[in-house]
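Some notes on the structure that comes next.
Lettering of chains follows the sequences in order, A, B, ..., and the numbering in each one begins at 1. Computed over heavy atoms, backbone and side chain alike; hydrogens, waters and symmetry mates excluded.
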There are 4 protein chains.
Amino acid sequence: MAAEQASAKPLRADAARNRAKVLDAARGVFAELGTGASTEEVAKRAGVGIGTVFRHFPTKESLLEAVLGEILAGFAEEARARGDSPDPGGAFFDFFQLVVGEAATKNAVSAELADAGVDVHAGRDDVRAELRGALGVLLTRAQEAGSVRGDIGFGEVMALLAGTSRATENLDVATRARVLDVVFDGLRASHA
Amino acid sequence: MAAEQASAKPLRADAARNRAKVLDAARGVFAELGTGASTEEVAKRAGVGIGTVFRHFPTKESLLEAVLGEILAGFAEEARARGDSPDPGGAFFDFFQLVVGEAATKNAVSAELADAGVDVHAGRDDVRAELRGALGVLLTRAQEAGSVRGDIGFGEVMALLAGTSRATENLDVATRARVLDVVFDGLRASHA
Amino acid sequence: MAAEQASAKPLRADAARNRAKVLDAARGVFAELGTGASTEEVAKRAGVGIGTVFRHFPTKESLLEAVLGEILAGFAEEARARGDSPDPGGAFFDFFQLVVGEAATKNAVSAELADAGVDVHAGRDDVRAELRGALGVLLTRAQEAGSVRGDIGFGEVMALLAGTSRATENLDVATRARVLDVVFDGLRASHA
Amino acid sequence: MAAEQASAKPLRADAARNRAKVLDAARGVFAELGTGASTEEVAKRAGVGIGTVFRHFPTKESLLEAVLGEILAGFAEEARARGDSPDPGGAFFDFFQLVVGEAATKNAVSAELADAGVDVHAGRDDVRAELRGALGVLLTRAQEAGSVRGDIGFGEVMALLAGTSRATENLDVATRARVLDVVFDGLRASHA
DNA sequence: GATGAATGAGCCTTCATTCAT
DNA sequence: CATGAATGAAGGCTCATTCAT
């Protein structure tokens, strides 16, 4: 009654633990091996039977979605945390850099980020909405503060985020910094 | 310049024709269906037996590489054609836009473009060198003309090219234009 | 009537209730989905956990057997009820038709009926014996009354019952009636 | 040019041989182990790789259909061969017995026979049509000769065929003979 | 006793690659 | 050289059965 939290079933303690293990393993595996990695590999890394993976995520696609959801949720969280920063511009660019940096390590992140901008799969709309909301705040405030050009919206930022992440994936730190600098300058441009 | 058939075999006329058919088909198939498309599909579209595909490209990966090579070669060509433009800045941005636009249609292009920036696969170094040369000219001239910031090089441009292509793949035209505008502004920035 | 719990355990009230629920559900599920239906489905329909199903029926096969037993028991009951009919021939054919009609609805019935004629699985001999007894009475009386040919026994009737059920499963009513008519005429034949 | 025979591709000699081997193996495997037998088993018995089975029959279902088709075609052939017998009644019953006898050995036959009566799967309509034609002749002639009752058609006969086959599958010879006798008498019955 | 999460063998199917024709 | 049949590893997914809670 008090804290029901999620949606349907409370999920037994061990089941929840396994679900988390699987999700974690999946994140790692897909990051390292790409989304083409086998479900078996995920199971192995999670230290569970393959049946367990499929019990929690009845489809490979659903597993992918869940991973993406987690990532996006994490980003939304980060965005939210910066929502009332006294330095809106800094907060926005800080967030941008964080996301891109994340993608540098985990290969799959950017791939999935790309999907996140567009729609594609149902069910994750909630997470996407959250991210849209939190990032929207960041963006709007930065624009109002004059730190970010006013002629772009959520869609453009997501695309830039995904694109820069992708572009940056296998680059050395210095080059990555320069690329990011270019994009940042573009974002600042007073439309010119 | 002089010598045509780089390495060993002169390649009979019909063989060369088949090689070309396969390459064309592969380009189309991978563009439409992604790199996950089956080799069989390529053979079918090329109108040849699957054995023929494997005779010319002993591995699926080698076929992918060849396709990438073709794409890069085409881009190198385009870059070269703009090498002595009286408007260096225009030439550079024109080229950039052309590449990104191409990727908008052919999904696989950007995926492969990504690899092109870094090294990854051997054998394609020659094409990459050509592209580097031609694009280098475009970039340098644009920088000398003050149209592009001076603190970036080939690597950064390739990354931006790849990233923007990816970011832009599934966007509507208007959004795509805006994203491109941001990147362009970033590239123009007087270092800031 | 007298003795209820045949063999070992008295079985707690709720346990017995669960057993019944499972059996009922199984009957329905197998009838609708065929014997290939999953045990999980049975559990779901019964409103119990899958563990409960396996507690009562340690094997899917044993569950199948139990279902068959129930069906046969039901038939035995029907046969018994007609055992002292003043119209032995009518009783026999009436029973035959009843069984075949049942199978028309519940697909699995006939499949299992087939096994019932022969031996196959142990443990169900008691039910089979009951059916054999009750149907035997029906048959013998019908034969003595001259309504059914005398050169056949229980085995033949069971085979005919199973076969006709099967044959009749997916037929429209009219055709089914005609097929039944043929078999009935054959059963009546004075050996000829 | 001379004998094109089939439909699309002439099929290389070895390919045809393999197709036949697979079909034969499938027939045997499904007969012995039921239609639930694995495709792998079929491949093993045929002495080919599993890929070969799927090359010829892209789906397990298509393999099943092919097997059924072969069986039906064989029956159609037998029926046709008896089409102009001087003894129409004998021809009909002879054929009936032949089919039922076949089923006695090969378990799957009757299972598939059942489907054959109704429609179920497309593609096999041609074989079914042939059988319908040939058996139709047998039936009509037998009816005209007064050997078979006139109030039944192809559908009834197919159902009886399938049902009797099923009923008879695991019976000893004597019982089988008696069951068949009953059905035959029913078929002869002057409508009664 | 009941529950349902965990397990893993096994199934169908795809596809890169090889090789006889 | 071209062809396409053959191959078999690998992948996604299901399901009977076990066992900790």
Side-chain angles (χ1 to χ4, degrees), chain A residues 9 11-19 22 36-43 46-61 63, chain B residues 9 11-12 14-15 18-19 22 36-44 47-63, chain C residues 9 11-15 18-19 36-44 47-63, chain D residues 9 11-19 22 36-43 46-61 63:
Chain A
K9 319 138 198 170
L11 212 51
R12 254 163 50 180
D14 58 338
R17 194 162 36 249
N18 267 340
R19 204 195 120 98
V22 168
S38 81
T39 311
E40 185 89 44
E41 183 63 36
V42 172
V48 304
I50 214 215
T52 301
V53 176
F54 277 93
R55 160 170 280 268
H56 288 292
F57 308 95
T59 282
K60 186 184 179 179
E61 202 190 340
L63 178 55
Chain B
K9 327 124 193 176
L11 217 48
R12 261 167 42 182
D14 60 337
N18 267 343
R19 204 193 121 97
V22 169
S38 81
T39 313
E40 187 88 43
E41 182 64 35
V42 173
K44 196 178 305 171
V48 305
I50 220 230
T52 303
V53 175
F54 275 89
R55 161 164 290 273
H56 288 292
F57 308 93
T59 282
K60 185 182 181 180
E61 202 190 338
S62 74
L63 177 55
Chain C
K9 324 127 193 173
L11 217 48
R12 261 166 42 183
D14 58 338
N18 268 342
R19 204 193 120 96
S38 82
T39 313
E40 186 88 44
E41 182 64 35
V42 173
K44 196 178 304 169
V48 305
I50 222 238
T52 302
V53 175
F54 275 88
R55 161 165 290 274
H56 289 292
F57 307 94
T59 283
K60 186 182 181 180
E61 203 190 338
S62 74
L63 177 55
Chain D
K9 318 138 197 170
L11 213 50
R12 255 164 47 182
D14 59 338
R17 195 162 36 250
N18 267 341
R19 204 194 120 98
V22 169
S38 80
T39 311
E40 186 89 44
E41 182 64 35
V42 173
V48 305
I50 211 208
T52 301
V53 175
F54 277 92
R55 160 169 279 269
H56 289 292
F57 307 94
T59 282
K60 187 185 177 178
E61 203 190 338
L63 178 55

Legend entry - side-chain contact (heavy atoms from CB on, under 4.5 Å) partners of Phe57(C), counting only residues at least two apart: Arg19(C), Val22(C), Leu23(C), Ser62(C), Leu63(C), Ala66(C)
Inset, instruction - Check whether any side-chain nitrogen or oxygen of His56(B) sits under 4.0 Å from OP1 or OP2 of dC1(F), and answer yes or no. - result: no
Inset, instruction - May I have the distance from Glu61(B) (atom CD) to dC15(E) (atom C1'), rounded to whole angstrom? - result: 16 Å
Inset, instruction - Would you classify Ala46(D) as touching base, sugar-phosphate or nothing, given that sugar-phosphate means primed atoms plus P, OP1 and OP2, and contacts are heavy atoms under 4.0 Å? - result: nothing
Legend entry - Nearest-angstrom distance from the residue atom NZ of Lys44(C) to P of dA16(F): 12 Å
Legend entry - Interatomic distance where CD belongs to Glu41(D) and C1' belongs to dC12(E) [whole Å]: 15 Å
Legend entry - Phe54(D) CZ to dA5(F) P, straight-line distance once rounded to whole Å: 17 Å
Inset, instruction - Go through dA5(E), dT17(F), dT17(E) for me and flag the one nearest to the Thr59(C) side chain. - result: dT17(F)
Quick test: give all pairs of protein nitrogen or oxygen and nucleotides 7-10 of chain E nitrogen or oxygen below 3.5 Å, distance rounded to 0.1 Å.
unit_1 : atom_1 : unit_2   : atom_2 : d
dT7(E) : OP2    : Gly49(A) : N      : 2.7
dT7(E) : OP2    : Thr52(A) : OG1    : 2.5
dG8(E) : N7     : Gly51(A) : N      : 3.3

Legend entry - Nearest to side-chain heavy atoms of Lys60(C), which nucleotide of dG12(F), dA16(F), dA5(F): dA16(F)
Legend entry - Sugar-phosphate only, base, or nothing, as touched by Ala37(C) at under 4.0 Å among non-hydrogen atoms: sugar-phosphate
Legend entry - Structure string for DNA chain E in dot-bracket form, Watson-Crick and G-U at under 3.5 Å, | interchain: .||||||||||||||||||||
Legend entry - Closest heavy-atom pair and its distance - Thr39(B), Phe54(B): CG2-CE1, 3.4 Å
Legend entry - First of Pro58(C) and Pro58(A) reached from the 5' end of DNA chain F, by closest nucleotide: Pro58(A)
Legend entry - Closest contact, heavy atoms only, Ala43(D) versus Ile50(D): CB-CA, 3.8 Å
Inset, instruction - Starting from the 5' end of DNA chain E, give me the residue, Gly36(D) or Thr39(B), whose nearest nucleotide shows up first. - result: Gly36(D)
Inset, instruction - Calculate the interatomic distance between Asp14(D) atom CG and dT7(F) atom P; express it in whole Å. - result: 10 Å
Inset, instruction - Mind calculating the distance between CZ (Phe57(B)) and C1' (dT18(E)) to the nearest angstrom? - result: 18 Å
